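Before any comments, here is the structure.
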Amino acid sequence: MMDSKRRTFLKSTAMAAASSMVASNASLPVVYADQGVADLPDGDGLSWNKAPCRFCGTGCHVQVGVEDGRVVAIAGDKAADVNKGLLCVKGYHVGGILYGKDRLTKPLLRKDGKLTEIEWDEAIEIVAKRIYDSPETFAIYGSGQWTIPEGYAAQKFMKGGLGNNHIDPNARLCMASAVTGFLGTYGVDEPAGCYDDLDECDVVITWGNNPAEMHPVLFSRVTDRRSRGENVRLIDIGTRRTRTTDAANVYLEMKPHGDVPIALGIMHLLIENGNYDRSFVEQHCNFRAHPESGKSLFGEAISEDEFRKRIAKYTPEHVEELSGISVDDLRMLADLFANPDIRITSLWCMGMNQHTMGTAVNTLVHGVHLLSGHFGKPGDAPTSLTGQPSACGTVREVGTLAHALPGGRIVAKPEHRKQSEEFWNVREGSVNAVPGYHTVKMFDQFTKPTSDGGDITTMFVQVTNPGQTLPNLNKLFNDKEPLDDKFLIVSEVYPTATTELADLILPAAMWVEKNGVYGNSERRTQQWFKMVDPPGEARDDTWMTIAIAHKLFEMGYEGMKDKDGEFIFAVKDDAGKEIPIWNFDNYYDTNVDKHLFEEYRQFTTMKHKNLAPYDEYVKARGLRWPVVEQEDGSWRETRFRFSGFDDPFVAEGEEFDFYHSSSKDGRAQIWFHEYEPPPEIPDDEYPMWLCTGRVLEHWHTGTMTRRLEPLNRAMPTGYVEMHMEDARAANIRQGEVVIVESRRGSCELPVWIDGRGRPPRGSIFVPFFDETKLINDVTLDEHCPISKQPDYKKCAARVVKKAAAKVKS
Amino acid sequence: MPISGLVVTFRSSVMEHSDTIKAIGDIPEIELGDAAGSKLAIMIDSATKRRDQQIWNTLQQLPGVTDLAVAMVAFDGELPIGSNPDDEKTNGKNDRTRDQS
């Protein structure tokens, strides 16, 4: 227990932290290095240091209080521009994620069906031998929770060392459509604006997005402005009412897939009424569509006349029929975009990304902003949010996708492969030109018998839980169980649905048990240092990759040698002597993160995603790229890309320049797409729409938050939300356990009638955090043809009373 | 046991919510701090995590309260945040619900 002196100290610190937040209400904080630390006085052995929160993509900074090698306190970091000292209910408890009772602390090998403790040397040797014997059938499945150095090391190991592109992240499941949307529109990924837009806008439109629960600190920037008397209008477009709806001025309930015709309908009205931003479009935009030959990322150019012709059929009446929102509401939206005197920010996340028209709807919403000129001014921005803390930094920027290379490069282009080989100092031709398997394909190939063409035999999963998050689990994950020649390696911190089928489990260090760098949703790169030791024999994921690589090097695997015959991850001390970082005892003899980051940084200038030196991030609470060195030696971040007033890569005197335009003329692309119905629609057999998602209290699959007692008590179980009338018609009572089933599988869940979220009649919602109630046994693996991102938001299902199911059987 | 510093945000100026302020002040574990505009600083020192959660829930439901944000939280060194009381299930070891069809 705490002694009274320390308790008194912590109480006064807590009150001081809260009071400082109240006092700072009137002005935005200015970022000064270490200001937050100075305000949280050390005492009785308690020391504070900065770190980004471990959970969502918002990228809040916390101050971590450490005493006697243990995290004992968490404070919001008021020196951080992202959260201005505030945290949500998850951030409040983030320190506790390290201390669940069942942390994995020793490598475990499955022998005769049972997990048995083994030593690290044996574990590394097992992995290396499997790769050595069959490098081309090895795959890594990574994560938007990988730190940037972790992802970079895995990327270099696979693509530079093994010449194997079968590396893909879980971010494929959450934001791949946002990536292809940005690429298709601007020729380069990631949002042009930033969180500052939320401080400046007059209107926020949430497109199938629930930031009140999923990005609560970010959402509080809007509600906070309102509480100060500012007029910020919130329009929530969704398929069910959520806590975001509660705060909205207007709620527009759309049919599943309705976002596509809504965006088309807004553009139709802007054209028909002649009140689009003609000047912006003439100077800065082209029109684009898929060619008749098929869909592709960049499509083909079409004329403005052709665009007008195609969009003519999306009249308000037709859009009402397709989307379910009324003619009047569509006109209201179009009138808002037609008003040049207001600033509009669009936000979206999984609703638009987990969509079989994911790329299409992303490009259409960008198109609405471009056509109306609501772009590139503070408050005027189409902005996608990410669900993971480094989906942007590690996946999108490091390029840990099956087709990509770091810094916006791709494996298909010879010059990009050559650049990467030069930066990595590996032999010409080392990087394979053929993209690897995307997530759904990768798991399909892993769970398919080798004799049937399943050509992935060894899978290494780091920092993610596909046994719970993949769609259609019975097809893509559970089928692995009986296949003896398939070998699943999982690096994890706690037992999960994935470790349940693992052949080898590697205990991992997490968050402030290791050095790290994340990149959040607004292009902000954030660094932290290791503060406490991991438990038992848990070790860093970057170390695991380097140790496996070195074992292969020792075995004589050529790909682990660079052009000079040295180990590809070699780090030398000031005297030029190699530091044996593959031995964990020596891993922290140097800052491996810094070495990897500085190597990676070379890639970032290739597509104007410039990063500053590592040491600049040590001083700051993150910097938004591109970060460019100034004449005085300081480093300047960029808030608004492509806008002449802020982006250093826009020539002086230019208002806008889309300098990575796919049409090579400095212009962005306004796309046209025909509406397509969802791949599965409710019918007599499966009459309900099923939508899945997240809840405030738990983060994704709950691996961390389910170990936090207050959060788990607040939200102890998965559930199915139902409309009162649907429940009544089926004679289902509040809390009754029912079976939700589809053509792919089933899941038992208690019913929550008209609960926190309120789905309309004919639809149900189930969160996916509960590992005892795997709703992804039920979901569909159909995906966007461009981004390959599956649609978790709509499929056909039915709700069956358990008693009725028993009678049937 | 939990110690936390919170910021309570009201729909309008703190001064217009005297009944709610009194209700907050009547909770024995809460110490009131500075107020400015629509925000009020408070410190909670509760005996158990369960009680901490109860106070949190109470505060969220009080009239005029629109938001509750955390400025700092301290953990008790001897009581690390534990697993779900229903550990066997939440660890996913033996109770995966799979399609049996």
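Below, chains carry the letters A, B, ... as their sequence lines are ordered, and counting in each starts from 1. All heavy atoms count here, side chains included; hydrogens, waters and symmetry mates do not. Since this is a predicted model, take the numbers as computed values, not measurements.
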Got a second to check how far B:T66's OG1 is from A:R226's CZ, nearest 0.5 Å?
10.5 Å

To the nearest 0.5 Å, what is the distance between NZ (A:K11) and CG (B:D45)?
4.5 Å

Is chain A contacted by the side chain of B:I42, its backbone, both, or neither, given a heavy-atom distance below 4.5 Å?
backbone

If one checks every heavy atom of B:N57 against chain A at 4.5 Å, the contacting part turns out to be neither

Under 4.5 Å from a heavy atom of chain B, the part of A:T223 involved:
neither

Can you list the residues that meet the salt bridge (Lys or Arg N to Asp or Glu O under 4.0 Å) rule with A:D68, with sequence neighbours excluded?
none

Taking side chain as everything from C-beta outward and backbone as N, CA, C, O, which of these in B:I44 sits under 4.5 Å from a heavy atom of chain A? Side chain, backbone, both or neither.
neither

Counting only heavy atoms not in A:R743, do more than 12 fall under 6.0 Å of its CZ?
yes

Here the gap from B:S4 atom OG to A:H93 atom NE2, rounded to the nearest 0.5 Å, amounts to 8.0 Å

Calculate, to the nearest 0.5 Å, the distance between atoms OG1 and CG belonging to B:T9 and A:L86 respectively.
7.5 Å

Quick one: pull up CG in B:D67 and CZ in A:F219 and give me the separation to the nearest 0.5 Å.
10.0 Å

Kindly write out the residues that satisfy ring-ring contact (aromatic ring centres under 6.0 Å, His included) with A:F768, not counting sequence neighbours, or none if the list is empty.
none

